[in-house]
Colleague: 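One structure, pasted below without further comment.
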Amino acid sequence: MQEKYIPAQVEEKWQHQWESGKAFKVAEDRSKQKYYLLEMFPYPSGRIHMGHVRNYSIGDVLARFKRMRGFNVLHPMGWDAFGMPAENAAIQNKSHPAKWTYENIDYMRGQLKKLGLSYDWDREVATCNVDYYKWEQRVFLEMYRKGLAYKKTSFVNWCPKCDTVLANEQVEDGCCWRCDSEVVQKELEQWFFRITAYADELLEYTDKLPGWPERVLTMQRNWIGRSTGCEIDFPLEGHLSSIKVFTTRQDTLYGATFMSLAPEHPLALELATPERRAEVEEFIEKVRKTDRIKRTAEDFEKEGVFTGSYCTNPVTNRRMPIYLANFVLPDYGTGAVMAVPTHDQRDFEFARKYDLPMQVVIQPEGVELTPATMTAAYTEEGIMVNSGQFDGIRSSEAKERIADYLEKEGIGKKTANFRLRDWGISRQRYWGSPIPIIYCDLCGVVPVPEKDLPVLLPMDVEFSGEGGSPLAKAESFRNVTCPQCGEIARRETDTMDTFVESSWYFLRYCSPDCNTGPFDREKAEYWMSVDQYIGGIEHAVMHLLYARFFTKVLRDLGYMAVDEPFVNLLTQGMVIKDGSKMSKSKGNVVDPDALIRKYGADTARLFSLFAAPPEKDLDWSDQGVDGSYRFLNRVWKLVSDNISFIGNAGPVNPSGLTEEGKALRRIVHKTIRKVTEDVEDRFHFNTAIAACMELVNALYGFEGKNAPQNAAVLREAIESILLMLAPFVPHVTAELWQATGHPGTMEEHGWPSYDPEAVVDEELLIIVQVNGKLRSKVTVAADAGEDEVKAAAQADEKVIPHLEGKIIRKVIYVPGKLVNIVVG
RNA sequence: GCCCGGGUGGCGGAAUUGGUAGACGCAAGGGACUUAAAAUCCCUCGCCGGCAACGGUGUACCGGUUCGAGUCCGGUCCCGGGCACCA
C-alpha cells in the first residue's frame, strides 16, 4: 500500500466508485427494516456553508451507521428553491430567478458530492420545479374546498415607497430597512391556512413525540398557547349588539370596571362618539405604526383613548367606559379585554393613568386590599368579595362556579383560546408557487379547475425591484377567462409562503417521480414517518409546526395514514467562529471548498463532528482542523506500519494470548461498546471519536508485537477501528479496508460487536474518600465483597493519617466504585 | 418584553443514573530523531504553596439539600436561539 495519505486521491477514487455504482440508491424492500433519515434541505443560496457541512456530516454518520446495522436506509437530498434572495439577485444582475437558482443548485450539488455524503441522488427534488409545485397547487385547492384555505383581511407592515410588504425584522424603528420611509400598517386581503383547526391535535401530539427534544416540544406548546376560560358578552349601551371578550379570569368578572379594545377592533371606529372621533382616529394611526414586539413588552408605556361609548358588566350592571388600548392585540382572543385593574397589572397601570374606577373582588388572607392604597394589581388566589353570591369562596373555586353560572344564564360560555394564529401564506412575490385562484367580476372567487393545473410561473417577467409584485404586472399572466362563465377575469398574483414547500418535501422524496399525485401512497406508507430528522434549532417552532400541520391535513384529505412526519428529532447547534455566527459581514466565514482542497472531506467531516456534540454550538478552530488531519495520518500510518505483521492473521484465540494481547483486546472491545452506545443512543460523535483516538494511542504503545500469536489481536483492533470510523470518515477507511485485504465493503461486513467476555475486568480501582474528599485509590479483585473493600480502604496507608484520632461514624460503599469514610 | 436553551483549564470539549472534575483534541513547554529544519515519536501541563511526598483550592455568582453536588432545589448575573413575510 501507499505509504503517504493523500486525501484527494483517495476521495476521488471512492466518490467515483459510489457514484458509478449507485451505492446509495434504495428501493422499498419489505425483507429489511426501513430507516428514513432526513436532514433539512438547504436553500440554494450559492455555496454551502459550515452549518451545512455540520448538518450533513451528522446525518451521514447516522445513514452509514444504520446501513452497517442492516437497515434499508432512505437518505435523500433536495433544494428549498423558492424564496426572496433569488428575486433580489435577479433584480441586481438583471437576470432571472430560475437561472440564478439552478446555477446555485448545480454548484452546491457538486460541493455536497465532494463531501462524500451518501445520498440517493436519484431522488433529488427542487421545489421550484413545476413537477413539485403543481402538486402543492392541487393540495391548496382541496384545502380551499374543505375551508382549510381561506381569505381574510389582515394587517401587514407596508412600505409605501417600495410598494411592498415588510417582515417585522425589515422594520427598523418604524421605518423601512431599505429606503427608510415610514412603514404603515396596511389592510390586505390575504390567503390563510386554518392551522388553528388543528391546534388541539398539534398540542395533544406533543405528548406523543418522545423522540423529540423536550425543549422543542415546550416551545411548540407555548407557541400554540392553549388557555381555558370563558367568552363573555358585554351588552353595548344604546346598541342591540354586545362586545365579546375572552378571559381566563372569569373569577374577577365582578371587578371589571371598564373595557379595553384593540385599536384594530372592527367596532373601534364605530364606537367613537362624534366629539371623540378625531382623537380616536389619531390614536389608531399611532398604534398602527408601533411594532408588535414592542407593543406587548411589559415595560411598554400603556396608552389608550376613550371612545365615548359604554357597555354594561352583565353581572354587576356597572356602566363600563370603552377604551382603545395599545396593549390589546387584535388577533388574540376576541381583540377585547374586560379590564379588572385590581387583579391585572396592565389594567392597573392603565386605570391609574386614566383615573378609572377600581373594585377589589379577591382578598388575600391576612391583608386588606383597598383600591386607594394598592400599588400593584393582586394577581394571586384569595377569597371572593364584592361578588354577589360568590362571596366567601376561594377564587380558584369561583373560576369554575362563575363559568357554570355564565353558561346557565346565557351570558357566556366556557371555551379554550389559542395563542396560535392561522398561517398567512400570501406573498406578493414572484419566485414562489402561484396560488391557483381566479377572480371573476360575475362569479367571484373561482378555483382553477384541476385540469388547468399547473398554474405556471411565467418566464417573461421583468424584475425592476419597484412597484410591487412582478406577477401583478405581468399582463399575460394576470388576464384570464373565467373557467365558469368565460368572461374576462384576473388571476391571483400572490404566491405561497416557501414554508409550504418545506412542509411536505419529505413525502415527495418517497416517490420523487410520481406523476399521478404529490406522492405514491404505498411508497409513502413504506418509508414514512421520517425516523430521524436533523436540522437547526432555529426551526424549532415554525417549520416543524407547519410540517406537522400539513402532514395531518394530507392525512385528512385521504392521501395517507400518517399522523406525524418526524418520529425523532435532532436539533443541531450553530457553527460559531470568534464568538459569533459565521457571516460575510463579520468576515469570519470558513469556506468548505478551501477546507476540502487543503485537508480533504474526511478531515472536514471529522472536525465538525469531533469539536462538539451535535446539539451544542460548534466553535470553529483552524488549529483544531490540523489535529483531525493529524489523527487520520496516524490511522493511515498505523495500518501501513503493521500491514505485514498482521498479514493474513485469522480469528483471535482468546486463550492463546500474552498479557499484553489480552489487555489490548479488552481495550478494543470496551471501545466497541462505548462507540456503539455513543453513536446509537446519544449521537455523541465527539466522544465516540475520542474513544477511537484513545484506541489508536493504545495501539501506538502496544508492546506485544514480538509474539506472533498477537497478530490476530492487532488485526482485530485495526479492523475494528476502520469499521468504527467508517461512518465518520468513509473515504480513508474504505481505502484502508481494501488495503488490509478485504474485497467487500465495510457496509457489507457490518458494524462490529463486542465480546462480553473480553470486556470483563480482573481488578477494579476503588476511590477512597474521607468525609467526601478524595484521599486514595485502591485496587481490589473484581469479585471482592463489600467488607473486603471497606477493610482495604481503611487499611490504606494514605487513608490512615486522615482517620487518626477520629471516630468513624459511617462507611459508605458504592459497589465497584467508591468508599467514603465519614469521621467526626 | 415574552418563550426556550447555555455558562467547566490558555482554547474546543469530557464526566451517560448524585460518586476520581478536566477524557480526547488544540495551544504551550521539554526531550528523541536530524548537519539543520519540517514532519514524526515520547513526556509535562487547572490555580496557589512546596525540592518533593503532599496540602489547599476550583465547574459564572450567592445560598440550600446530601456522607458526597459540574450534576438536584431557590435566587442573581451574563451569553445565545425563536417571536408568525429571512429560510
Side-chain angles (χ1 to χ4, degrees), chain A residues 40 42-43 45 80 82-85 156-157 164-170 190 195 213-223 225 292-300 331 419-429 497-499 502 536-543 545-546 571 573-574 576 579-581 607 610-613 615-628 630-631 633-634 637 674 677-678 681-682 684 686-687 689-694 697 700-701 765-774 776-777 798 809-812 814 817-823:
Chain A
M40 290 179 186
Y43 178 77
S45 57
D80 189 11
F82 275 138
M84 257 203 316
V156 293
N157 300 314
T164 186
V165 180
L166 299 175
N168 275 337
E169 65 155 19
Q170 298 170 325
Q190 306 251 64
I195 191 172
E214 198 49 44
R215 63 165 161 154
V216 174
L217 295 172
T218 305
M219 281 191 257
Q220 293 214 347
R221 286 182 197 122
N222 292 342
W223 185 263
R292 201 188 156 88
I293 292 176
K294 267 197 203 138
R295 206 170 139 185
T296 53
E298 206 165 86
D299 58 355
F300 188 63
D331 35 25
R419 206 187 72 94
L420 180 70
R421 309 201 300 264
D422 275 339
W423 174 12
I425 60 149
S426 283
R427 297 292 181 272
Q428 291 70 43
R429 317 248 183 245
D497 180 5
T498 56
F499 271 127
S502 55
I537 183 68
E538 65 272 21
H539 296 291
V541 176
M542 300 186 63
H543 161 59
L545 195 66
Y546 291 148
T571 50
M574 292 183 312
I576 303 288
S580 57
K581 197 170 166 171
F607 180 71
F610 176 64
E615 70 276 9
K616 285 187 92 172
D617 285 348
L618 182 152
D619 233 289
W620 193 264
S621 142
D622 292 330
Q623 283 144 348
V625 179
D626 277 323
S628 293
R630 217 172 294 164
F631 172 67
N633 276 289
R634 271 167 77 79
K637 189 164 174 289
K674 174 165 177 59
E677 283 168 4
D678 281 354
D681 307 335
R682 303 203 304 154
H684 276 206
N686 56 333
T687 52
I689 293 165
C692 291
M693 287 175 169
E694 285 185 76
N697 291 346
Y700 267 77
L765 186 70
I766 304 289
I767 302 309
V768 185
Q769 297 180 335
V770 178
N771 284 349
K773 272 190 207 291
L774 175 76
S776 186
K777 302 168 189 180
K798 283 182 190 162
R809 308 253 177 224
K810 208 197 294 190
V811 179
I812 287 152
V814 180
K817 276 197 174 157
L818 168 143
V819 174
N820 187 11
I821 304 162
V822 185
V823 297

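Order of the sequence lines fixes the chain letters, A, B, ..., with proteins taken first and strands second; residue numbering starts at 1 for each chain.
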Colleague: What integer number of Å spans the C1' atoms of B:rG22 and B:rG70?
Modeller: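 B:rG22 and B:rG70 have their C1' atoms separated by 11 Å.
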Colleague: Are side-chain N/O atoms of A:T687 and A:D678 paired as donor and acceptor at under 3.5 Å?
Modeller: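 A donor-acceptor contact under 3.5 Å links the two side chains.
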Colleague: Quick one: label A:E214 by what it contacts on the DNA or RNA (base, sugar-phosphate, nothing), any heavy atom closer than 4.0 Å.
Modeller: nothing
Colleague: For nucleotides 26-32 of chain B, list the nitrogen or oxygen atoms of the protein found under 3.5 Å from its nitrogen or oxygen atoms, one pair per line.
Modeller:
| unit_1 | atom_1 | unit_2 | atom_2 | d |
| --- | --- | --- | --- | --- |
| B:rC26 | OP1 | A:R630 | NH1 | 2.8 |

Colleague: Kindly say if A:N697 contacts the phosphate of B:rG25, meaning a side-chain N or O under 4.0 Å from OP1 or OP2.
Modeller: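 For B:rG25, OP1/OP2 do have a side-chain N/O of A:N697 under 4.0 Å.
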Colleague: If I take atom CG in residue A:L217 and atom C1' in nucleotide B:rG81, what distance separates them, rounded to the nearest angstrom?
Modeller: 16 Å
Colleague: Within the pair A:R215 and B:rG5, is there a side-chain N or O less than 4.0 Å away from OP1 or OP2?
Modeller: no
Colleague: Select base, sugar-phosphate, or nothing to describe what A:R419 touches, counting heavy atoms under 4.0 Å on all strands.
Modeller: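 Base, at least one base heavy atom under 4.0 Å.
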Colleague: For B:rC26 versus B:rA39, give the span between their P atoms, rounded off to a whole number of Å.
Modeller: 12 Å
Colleague: Any idea if B:rG9 is syn or anti, going by the 90°-from-0 cut?
Modeller: syn
Colleague: Quiz question: going by heavy-atom distance under 3.5 Å, is there a donor-acceptor pair between the base of B:rC85 and the side chain of A:R429?
Modeller: yes
Colleague: Please report the shortest heavy-atom distance between A:T498 and A:F82, naming the atom on each side.
Modeller: CG2-O, 3.3 Å
Colleague: Look at the side-chain N and O atoms of A:R634 and state whether any lies under 4.0 Å from the OP1 or OP2 oxygen of B:rC41.
Modeller: yes
Colleague: Contact class for A:S502 (heavy atom, under 4.0 Å): base, sugar-phosphate, or nothing?
Modeller: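 Since no nucleic acid heavy atom lies under 4.0 Å of A:S502, the category is nothing.
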Colleague: Mind checking if A:F631 touches a base, just sugar-phosphate, or nothing, with heavy atoms under 4.0 Å?
Modeller: nothing
Colleague: Rounded to whole Å, how long is the line connecting atom CG of A:L618 with atom P of B:rG6?
Modeller: 18 Å
Colleague: Out of B:rG7, B:rA87, B:rU20, which nucleotide sits closest to the side chain of A:E538?
Modeller: B:rA87
Colleague: Report yes if at least one side-chain N or O of A:K773 is closer than 4.0 Å to OP1 or OP2 of B:rU20; otherwise report no.
Modeller: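 For B:rU20, neither OP1 nor OP2 has a side-chain N or O of A:K773 closer than 4.0 Å.
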Colleague: Any side-chain N or O of A:N222 under 4.0 Å from OP1/OP2 of B:rC4?
Modeller: yes
Colleague: Could you grab the distance from atom OG of A:S426 to atom CG of A:D497, nearest 0.5 Å is fine?
Modeller: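 If we round to the nearest 0.5 Å, A:S426:OG and A:D497:CG are 9.5 Å apart.
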Colleague: Measure the distance from CD1 on A:I537 to C1' on B:rC83 and round it to the nearest whole Å.
Modeller: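 For the pair A:I537 CD1 and B:rC83 C1', the rounded distance is 14 Å.
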Colleague: What contact category does A:D617 fall into here, base, sugar-phosphate, or nothing, at under 4.0 angstrom with non-hydrogen atoms?
Modeller: sugar-phosphate
Colleague: If the cut-off is 4.0 Å, is A:N686 near the phosphate of B:rA14, judged by side-chain N/O to OP1 or OP2?
Modeller: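 Answer is yes, contact under 4.0 Å.
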Colleague: To the nearest 0.5 Å, tell me how far A:H684 NE2 sits from A:E677 CD.
Modeller: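 So the NE2 of A:H684 and the CD of A:E677 are separated by 12.5 Å.
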Colleague: Does the side chain of A:K798 get closer than 4.0 angstrom to OP1 or OP2 of B:rC54 through an N or O atom?
Modeller: yes
Colleague: A:W223 near the nucleic acid: base, sugar-phosphate alone, or nothing, with a heavy-atom cut-off under 4.0 Å?
Modeller: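 If one applies the 4.0 Å heavy-atom cut-off, A:W223 turns out to touch a base.
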Colleague: Charged N to carboxylate O below 4.0 Å: is that the case for A:R221 and A:E214?
Modeller: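 Salt bridge: yes.
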Colleague: Can you tell me, in whole Å, how much space there is between the P of B:rC24 and that of B:rC73?
Modeller: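 About 31 Å, rounded to a whole number of Å.
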Colleague: Rounded to whole angstrom, note down the C1' distance from B:rG58 over to B:rC51.
Modeller: 25 Å
Colleague: Atom CZ of A:R809 to atom P of B:rU66: distance rounded to whole Å?
Modeller: 17 Å
Colleague: What is the distance, to the nearest angstrom, from the CG atom on A:L774 to the P atom on B:rG70?
Modeller: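 Rounded to whole Å, this separation is 13 Å.
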Colleague: Would you classify A:L166 as touching base, sugar-phosphate or nothing, given that sugar-phosphate means primed atoms plus P, OP1 and OP2, and contacts are heavy atoms under 4.0 Å?
Modeller: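 The residue A:L166 makes sugar-phosphate contact but no base contact.
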Colleague: Taking the nucleotide of RNA chain B with the closest heavy atom to each, which residue, A:K674 or A:A691, is nearer the 5' end?
Modeller: A:K674
Colleague: Heavy atoms only, 4.0 Å cut-off, all strands: where does A:N820 land among base, sugar-phosphate and nothing?
Modeller: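 A:N820: base contact, heavy atoms under 4.0 Å.
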Colleague: If you assign A:I689 and A:F607 each to the RNA chain B nucleotide with the nearest heavy atom, which residue ends up on the more 5' nucleotide?
Modeller: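 The residue whose closest nucleotide sits nearer the 5' end is A:F607.
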Colleague: Base, sugar-phosphate, or nothing for A:V541, non-hydrogen atoms under 4.0 angstrom?
Modeller: nothing
Colleague: Can you check the distance between B:rU40 and B:rU34, where both ends of the measurement are the C1' atom (answer in whole Å)?
Modeller: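 It comes out at 11 Å once rounded to the nearest Å.
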Colleague: Rounded to whole angstrom, note down the C1' distance from B:rG18 over to B:rC72.
Modeller: 8 Å
Colleague: With rounding to the nearest 0.5 angstrom, report the CE to CZ distance, A:M693 to A:R630.
Modeller: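 Between atom CE of A:M693 and atom CZ of A:R630 there are 10.5 Å.
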Colleague: For B:rG7 and B:rG25, measure between their P atoms and round to the nearest Å.
Modeller: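 It works out to 23 Å between them.
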Colleague: With a non-hydrogen cut-off below 4.0 angstrom, is A:G536 in contact with a base, only sugar-phosphate, or nothing?
Modeller: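 Answer is nothing: A:G536 stays at 4.0 Å or more from every strand.
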Colleague: The side chain of A:Q428 is closest to which nucleotide in this list: B:rG81, B:rC67, B:rC85?
Modeller: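 The nucleotide sitting nearest to the side chain is B:rC85.
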Colleague: Please, what dot-bracket string fits RNA chain B when only Watson-Crick and G-U pairs with both distances under 3.5 Å count, crossing ones use [ ] and pairs to another strand use |?
Modeller: (((((((..(((......[....))).(((((.......))))).((((....))))..(((((..]....))))))))))))....
Colleague: From B:rA15, B:rA87, B:rC85, pick the nucleotide closest to the side chain of A:R682?
Modeller: B:rA15
Colleague: Looking across every strand, which nucleic acid part, if any, lies under 4.0 Å from A:A611 by heavy atom: base, sugar-phosphate, or nothing?
Modeller: sugar-phosphate
Colleague: Hey, could you give me the CG/CD distance between A:L774 and A:Q769, rounded to the nearest 0.5 Å?
Modeller: 6.5 Å
Colleague: On a whole-Å scale, what distance lies between the P atoms belonging to B:rG46 and B:rA53?
Modeller: 13 Å
Colleague: What nucleic acid atoms does A:P85 come within less than 4.0 Å of, heavy atoms only: base, sugar-phosphate, or nothing?
Modeller: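 No contact.
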Colleague: Measure from the side chain of A:H539, starting at C-beta and using heavy atoms only, and say which of B:rA87, B:rU20, B:rG13 lies closest.
Modeller: B:rA87
Colleague: Looking only at heavy atoms, what is the nearest atom pair of A:T571 and A:P213, with distance?
Modeller: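 Scanning both residues completely, I find the closest heavy atoms to be OG1-CG, 3.9 Å.
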